[in-house]
Amino acid sequence: MSTESAAVAARPAAAPSLTGVFVRLKLTLLRNGLRQSTGRTLAYVSSVIVGLLFASGVVVGLIALRGNPHVGALVVLLTGILTLGWAAIPLFFPASDETLDPTRLVMLPLRPRPLIVSLLVASLVGIGPVVTLALVTGSVIAVADGAAAAAVGVVAVVLVVLVCVSLARAVATASVRLLTSRRGRDLAVLSGLFIAIGAQGVNIAAQKLGRPDGLSVLEPLGNILRWVPPVSAVGAVDDAGHGEYGRALAGLGLTVLALVLLLWWWQRTLTTLMTSPDSSTLQAVEKDSARRSGERGLARLLSGGRTGTVILRSLRYGWRDPKSKMSWATALAAGLLVPVISAVQGNGSIYTAFSAATLLGLQMYNQFGQDTSAFWMVASTIATPRDAYQELRARALALALVAVPYVTLVVIGSAALIGPWSAFLEVYGLSLAVLGALLATGALSSALFPYSIPSEGNKNVAPGQGAIAWFSLFGGVVAGAVLCAPLLGLTIWLHVAGLHHLLWVLLPAGVVYGVGIAVLGLRLAAPRVAERLPEILGAVSKG
């Protein structure tokens, strides 16, 4: 063997491209995920089809708007929404892509700079970047006018896609400790709520834009957003089409600067993440223990007996348990959203404030099922109807601590936003009566129709108990409406008789009636809880 051959043989084999490895890893994770079940495969294929159809429809619509004097403001807003979506995806859907978690790479001998390049290229593989590429391309076509604008548009498309993907990666890396913690999982659970609120906002915006010259309302917002990167890159295409090359160059420069800063921030946070200790070490635990060594806040104000303990436990469940938090957050947001949307659409009524009392009152239903498997510890403390009454009363008080101030604020806001103020006392009194009636029927329903809430997954009812849950909910709501019939009859009579100056009596009447009916319902439910405790325990433990 010659010396040259020996040198070649002794030379180490060239390491495979890190970028190629990560792209193959992304494709392998995708393929293996789809192999897990047919349902997952169908869901993914359906999402791809829907995403492509949506992108195609938007692109066709943007091209059809080409030449409209206000299309520039529309594409600027669309690009801004896309960017915001990419920033929010890692926060609300941290488990959607396993490669978003860089802590899986901590033990590998990888340097941050080549790792960032590889992760960025791998991130371009997927339906999200394809849809984004299509939407940005459609936006550029809609505003590009002339060869110069087309050339700027090619650069703008590349920059916008890179900035969006880099932003998602940087946010995921900076918040990975949060996203893998309990609070991060809570944030993911709340994603459905934000999507629902956002859908209502899109619905209202679509109605506004559907009017003649509706796009003109976007001009003030577009003039501001066009200087925010990466939106400025799309704005640069519009500027180049109008011969404003200085503004176009500035817009592209802002986007390039944003991309550089994002990559720098991503590299810095990635280096810190891969070299710093985990927050779950002993020091963090010691700090947490020291912080909690003394009771603070509401715990100091509550009594040390059963009532104070149960109130504190119920409020902590609502704050810490993901499903309880989701239920509470949905009720609070929807109760406020209904009057606001009605007012924005121009057909609002102060009576929409009843949604706040109704949705909060429904939190009293299936009280024991909300405890899941931990209810056996509560059941061990209930031996008599008096124990059951104290338990139910404390749970109702915990709900009232949140519901009464919230209902008050919603009714006041509805009177100020929608009006008239003359109906405030009437609506406020009826709202408190509705809340009291639902507390009563919720306590009875919890005793007579308990059902299990699975701890894992997205289901709120255990298999085989769906009929019980529906009957409990709708039967209780109907019963609550029947219980409010006396006050509703009094309200109608006062209006028909023209005794509007006496409508103020509905406020004290609503307070007294709501408290009285709630106490009556708790007292009727307590002996049934004590008698049916083994059945309740068995029903809520099925999940």
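Quick caveat, the model's predicted, so the values are computed rather than measured. One is the number of the first residue; the rest follow in order along the sequence. Below, each value reflects all heavy atoms present in this structure, side chains not excepted, and no hydrogens, waters or symmetry copies.
For Ser232 (side chain) and Trp227 (main-chain N/O), no donor-acceptor pair under 3.5 Å exists by modelled atom type. For Asn366 (side chain) and Tyr451 (main-chain N/O), a donor-acceptor pair under 3.5 Å exists by modelled atom type.
Taken to the nearest 0.5 Å, the CG atom of Leu162 stands 11.5 Å off from the OG1 atom of Thr132. Residue Asp239 holds its CG atom at 11.0 Å from CG of Leu249, rounded to the nearest 0.5 Å. One finds the OG1 atom of Thr271 at 9.0 Å from the CG atom of Leu115 (value rounded to the nearest 0.5 Å).
In terms of heavy-atom proximity, Thr79 sits nearest to Ser139 at OG1-OG, 4.5 Å. The nearest pair of heavy atoms linking Leu399 to Gly361 is CD2-O, 4.4 Å. Closest of all the heavy-atom pairs between Leu254 and Pro229 is O-CB, 3.6 Å.
Two residues are said to be in side-chain contact when any heavy atoms from C-beta on lie closer than 4.5 Å; Val75 and Val231 fail this criterion.
For the side-chain contact (heavy atoms from CB on, under 4.5 Å) with Val140, the qualifying choice from Asp238, Val157, Val160 is Val157, the only one to do so. When each of Asn68, Ile141, Leu78 is checked for a side-chain contact (heavy atoms from CB on, under 4.5 Å) with Leu62, only Leu78 meets the rule.
In this structure, Arg66 has no salt bridge (charged side-chain N to carboxylate O under 4.0 Å, His left out) partners at least two apart in sequence or on a different chain.
Applying the side-chain hydrogen bond (donor to acceptor under 3.5 Å, both in side chains) rule to pairs touching residues 257-268 yields Thr173-Trp266, sequence neighbours excluded.
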